Each structure stands twice: as structure tokens, then as C-alpha cells.
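Worksheet: one structure, shown below.
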Amino acid sequence: MTTPFVKSRPDAPAGFFEVEAAGLRWLDVPGGVPVAEPLHVSPTQLTTTRLNMAPPTESAAEDFGRRLAVTHDAGARYFGVPPDGWSGDGYIGTAPLPHALEPVKSWGEFYANLRLRPYLRAAHDQGIHLDAVERVCTRLDAGVYDDPSDEPCRIHGDLWSGNVLWTPDGVHLIDPAAHGGHRETDLAMLALFGLPRLDRVLRAYDEAHPLRDGWQERIGLHQLHPLLVHVVLFGGGYAAQAIESARRY
């Protein structure tokens, strides 16, 4: 029998492991990307199935892209909604992640007020000023980047390459910050720190669920949130990258 994988943190903040387990269960949809199955959860520990690693192949990349579209298309009740089984805020890495506990007007409103501005405030408290990002928030509030075709999707929320595990059975996902969001957000996160065979993943995704025109030009917009999280967690070294990205929008 394979030994399970155990994550422990004696000083974990309230709900840290419980919301992660809820996110894994919520993302585990028929035909979607498989996840590390949560076996046991407590306030200080999460036990999941252990996953064996394998080289990333073209076929695995294509399968991942198609399955990620299925995961997203499973949908969410509204933008910012937490995963089923959880009713509070969450975490992205070790940073708090606000959830919308009632429906918001639009993706732009959600993204500006629950993904960008909370981290702008935290960065400001560290003496880091990111006025260019606040100007983007104003445009988001005004609906500049909203489209009627954008439906809330079931997204991983922290889909950098370290949370994408290539196994002999294909890609599995770990460590989600799952919520109702925009499909382009997960795709932008995959591009932010690089993913093997990303072109294959994106091509297969677009074949399974055609992306809205101009999605490539919006990658930087969706990367603003993880960049701000990195500013808050790791200091101002990421501030210049966030400002440069914001100035394009």
C-alpha cells in the first residue's frame, strides 16, 4: 500500500487545511483534472494520496489542457464564491484569500475588490506604493474588462507549475486556492512561472473550450493578483514586475 502524503503545520491559522481539503474535493469533477485526494483533515494537518512523479509528455500536456477546460466548465455559483463545504475566507500560499460570501456584480468588481485591493493595502503597509495597480482597479470597477460571455468558472486559483504534478497517469493538482473565478486566471498563472509543454496545454484547452478573442493580451491583467501576493509575502522585489504589468492595462 502506498504511504499517504502528510502536510503538517502546528501553528496553522484557522481553516488553513480545511479550506484546502474543501477545494480539492470541489475541483474533483468527472472528466476534469484529477487531484490529490484528501484522506483526512484536521486544524493542523492534511493527509492526501501520495503521487509519484513522471516526466511531462506531449500526450499528458494535451490531456491536461482538455481536462482543465472540463474542470473550469463545472462552474461556480458566482465570482469569488468559496468551494462547496466552506463558508469563510481561504488562503493562497500562506496569505489570506478573501472570498465573496454573497454574489458580486461582475468579475471586474470581484477582481478589483477581493483580489487586488486587499494586497495593495498590505503592500502599502509595508511601504510599497503601487498606484498603477489602483488605476487598473478603477477600470475593473467600471467594467472595462467584463464580457457578457464570462461565466464564473471552477478554478484552482494558485495554478503555478509547482502545483501541477506530472504522474504516470497524467497531471494531478495539489494545493488549491479554489474559488469561483475567471478561466483566464488559471491559464495566466500557468504562464507566470513557466510550465513544461505549456503551448500544448493551451492548444488543447482552446480546442476543448475556445477562449475569448484577445485572451493572450489579458494574461498580464490576470497575473497582477499573484504578483501582488508575492509582493506581500516576499517583499518589494516583485513590485516592479507588478507595476510594469499594470501599466499595460
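Here the structure is a predicted model, which means the values were calculated and not measured.
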- prompt: Is there a donor-acceptor pair closer than 3.5 Å between any side-chain N or O of Trp26 and the backbone N or O of Val29?
  reply: no
- prompt: Any donor and acceptor pair, going by atom type alone, linking the side chain of Arg154 with main-chain N or O of Gly75 inside 3.5 Å?
  reply: yes
- request: Taking all non-hydrogen atoms of both residues into account, name the closest pair between Ala112 and Cys137 and its distance.
  value: CB-O, 3.8 Å
query: Passes side-chain contact (heavy atoms from CB on, under 4.5 Å), Leu187 versus Leu202? Steps please.
result: CA-CA 8 Å; Leu187 303 182; Leu202 296 176; 4.0 Å; yes
When you check the side-chain N and O atoms of [X] and [Y], is any donor under 3.5 Å from an acceptor?
X      : Y      : answer
His156 : Asn163 : no
Asn113 : Asp141 : yes
Thr49  : Glu37  : no
Thr167 : Asp169 : no

Is the [X] ring parallel, tilted or perpendicular to the [Y] ring (thresholds 30°, 60°)?
X      : Y      : answer
Phe234 : His230 : tilted
His99  : His179 : tilted
Phe110 : Phe79  : parallel

If the threshold is 4.0 Å, N to carboxylate O, is there a salt bridge linking [X] and [Y]?
X     : Y     : result
Asp84 : Arg25 : no
Glu20 : Lys7  : yes
Arg67 : Asp63 : yes

message: If you apply the rule side chain to side chain donor-acceptor pair (under 3.5 Å), what do you find for Asp73 with His209, and how did you get there?
response: CA-CA 9 Å; Asp73 287 345; His209 185 116; 3.0 Å; yes
If you measure from [atom1] on [X] to [atom2] on [Y], what distance do you get to the nearest 0.5 Å?
X      : Y      : atom1 : atom2 : answer
Leu211 : Gln216 : CG    : CD    : 8.0 Å
His182 : Arg218 : NE2   : CZ    : 6.5 Å
Asp131 : Glu134 : CG    : CD    : 8.0 Å
Asp186 : Thr71  : CG    : OG1   : 9.0 Å
Trp160 : Leu192 : CH2   : CG    : 10.5 Å
Ile155 : Leu27  : CD1   : CG    : 9.5 Å

message: Quick one, Ile243 with Arg247, criterion side-chain contact (heavy atoms from CB on, under 4.5 Å). Give me CA distance, side-chain angles, the key distance, then yes/no.
response: CA-CA 6 Å; Ile243 291 170; Arg247 284 175 175 161; 3.5 Å; yes
Would you kindly confirm whether [X] and [Y] end up in one hydrophobic cluster when ILVMFWY residues are joined by side chain heavy atoms under 4.5 Å apart?
X      : Y      : value
Leu190 : Val70  : no
Val164 : Met189 : yes
Leu165 : Val6   : no

task: May I have the step-by-step check of side-chain contact (heavy atoms from CB on, under 4.5 Å) for Leu140 and Ser106, ending in yes or no?
output: CA-CA 9 Å; Leu140 286 161; Ser106 65; over 6 Å; no
message: With side-chain contact (heavy atoms from CB on, under 4.5 Å) as the criterion, how do Arg197 and Glu62 come out once you've worked through the C-alpha distance, each side chain's angles and the decisive distance to 0.1 Å?
response: CA-CA 9 Å; Arg197 305 189 184 279; Glu62 291 172 358; over 6 Å; no
- prompt: Is the centre of the His222 ring less than 6.0 Å from the centre of the Trp107 ring?
  reply: yes
message: Looking at Asp213, I'd like to know if its CG atom is crowded, meaning that more than 12 non-hydrogen atoms belonging to other residues, nucleotides or ligands lie closer than 6.0 Å.
response: no
message: Could you check whether atom CD of Glu244 has more than 12 heavy atoms from other residues, nucleotides or ligands sitting under 6.0 Å from it?
response: no
